[in-house]
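What follows is a set of notes on a single structure, which appears directly below.
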Amino acid sequence: QVQLVESGGGSVQAGDSLRLSCATSIRTLDTYNMGWFRQAPGKEREFVAAISYSGERTYYADSVKGRFTISRDNAKRTVNLQMNSLKPEDTAVYYCAAGFSPSTVITNPLYWGQGTQVTVSS
């Protein structure tokens, strides 16, 4: 069974940076497109970023373009999200997700992690 475990969350001030990591149990990670989602208190879960099989294509929500960078290391079976210039509105639980196509991982991922909390104060 596919397992995704997020880490790296924490409490920071506006303008700071955090790097989230998603450790997976997927041996052939390059067969999966990967993504990050977030859910703020009282709001719907929203798409943040996605990356194709080998990292050649990336996709970002407009709200994080230019600030967040998604990356992957298939040999280490990990996916990362570098978050710079954090804003209070970035406060949310961040989830790692996996799917078989960019559209699928963005709209309806097959697998989810348990989430990691990110809190940004002003």
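All values derive from a computational prediction rather than experimental measurement. Sequential numbering from 1 along the given sequence is applied to the chain's residues.
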Just jot down the ring pair (Phe, Tyr, Trp, His ring centres under 6.0 Å) partners of Y94, sequence neighbours excluded, or say none.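 Ring pair (Phe, Tyr, Trp, His ring centres under 6.0 Å) check on Y94 returns nothing, list empty.
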Going by ring pair (Phe, Tyr, Trp, His ring centres under 6.0 Å), name the residues that satisfy it together with F47, two or more places apart in sequence or in a different chain.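 For F47 the ring pair (Phe, Tyr, Trp, His ring centres under 6.0 Å) partners, ignoring immediate neighbours, are F37.
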Set of residues satisfying side-chain contact (heavy atoms from CB on, under 4.5 Å) with respect to [X], sequence neighbours excluded:
X   : result
Y53 : N33
A40 : K43, A92
A49 : Y60, I70, L81
T31 : T28

Next item on the list: Examine distances only and state if a side-chain atom of E6 and a backbone atom of C96 form a donor-acceptor pair shorter than 3.5 Å.
Entry: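 At least one qualifying donor-acceptor pair exists.
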Q. Quick check: does any side chain N or O of E89 sit under 3.5 Å from a backbone N or O of K87, one acting as donor and the other as acceptor?
A.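 Not confirmed, E89 side chain does not pair with K87 backbone.
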Applying side-chain hydrogen bond (donor to acceptor under 3.5 Å, both in side chains), can you list everything that pairs with Q3, at least two apart in sequence or on another chain?
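Per chain and number, Q3 pairs via side-chain hydrogen bond (donor to acceptor under 3.5 Å, both in side chains) with no residue.
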* Is there a chain of hydrophobic side chains (I, L, V, M, F, W, Y, each step under 4.5 Å between heavy atoms) that links F68 to V79? ->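 Yes, same cluster.
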Quick one: salt bridge (Lys or Arg N to Asp or Glu O under 4.0 Å) pairs with a partner in residues 91-108, sequence neighbours left out?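 Residue pairs with at least one partner in residues 91-108: there are none.
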Would you give me the side-chain donor-acceptor pairs under 3.5 Å for residues 14-21, sequence neighbours excluded?
from	atom 1	to	atom 2	distance (Å)
D16	OD2	Q13	N	3.1
S17	OG	N84	OD1	2.9
R19	NH1	Q82	OE1	3.1
S21	OG	N80	OD1	3.3

* To do: For L29 and M34, work out which heavy atoms get closest and say how close.
  =>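 Closest approach of L29 to M34: CD1-SD, 3.9 Å.
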For the student: nearest non-hydrogen atoms of I51 and S71, plus distance =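 Nearest pair, atom of I51 first, then S71: CD1-CA, 3.7 Å.
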Members besides V5 in its Ile/Leu/Val/Met/Phe/Trp/Tyr cluster (side-chain heavy atoms under 4.5 Å):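 Cluster partners of V5: none, it stands alone.
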Please table the atom pairs, donor to acceptor, closer than 3.5 Å between any side-chain atom in residues 103-111 and protein atoms at least two apart or in another chain.
from	atom 1	to	atom 2	distance (Å)
S103	OG	S101	OG	3.3
T104	OG1	S101	OG	2.8
T107	OG1	S103	O	2.6

Would you please name every residue forming a salt bridge (charged side-chain N to carboxylate O under 4.0 Å, His left out) with R38, sequence neighbours left out?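 Partners of R38 by the salt bridge (charged side-chain N to carboxylate O under 4.0 Å, His left out) criterion, ordered by chain and then number, come out as E46, D90.
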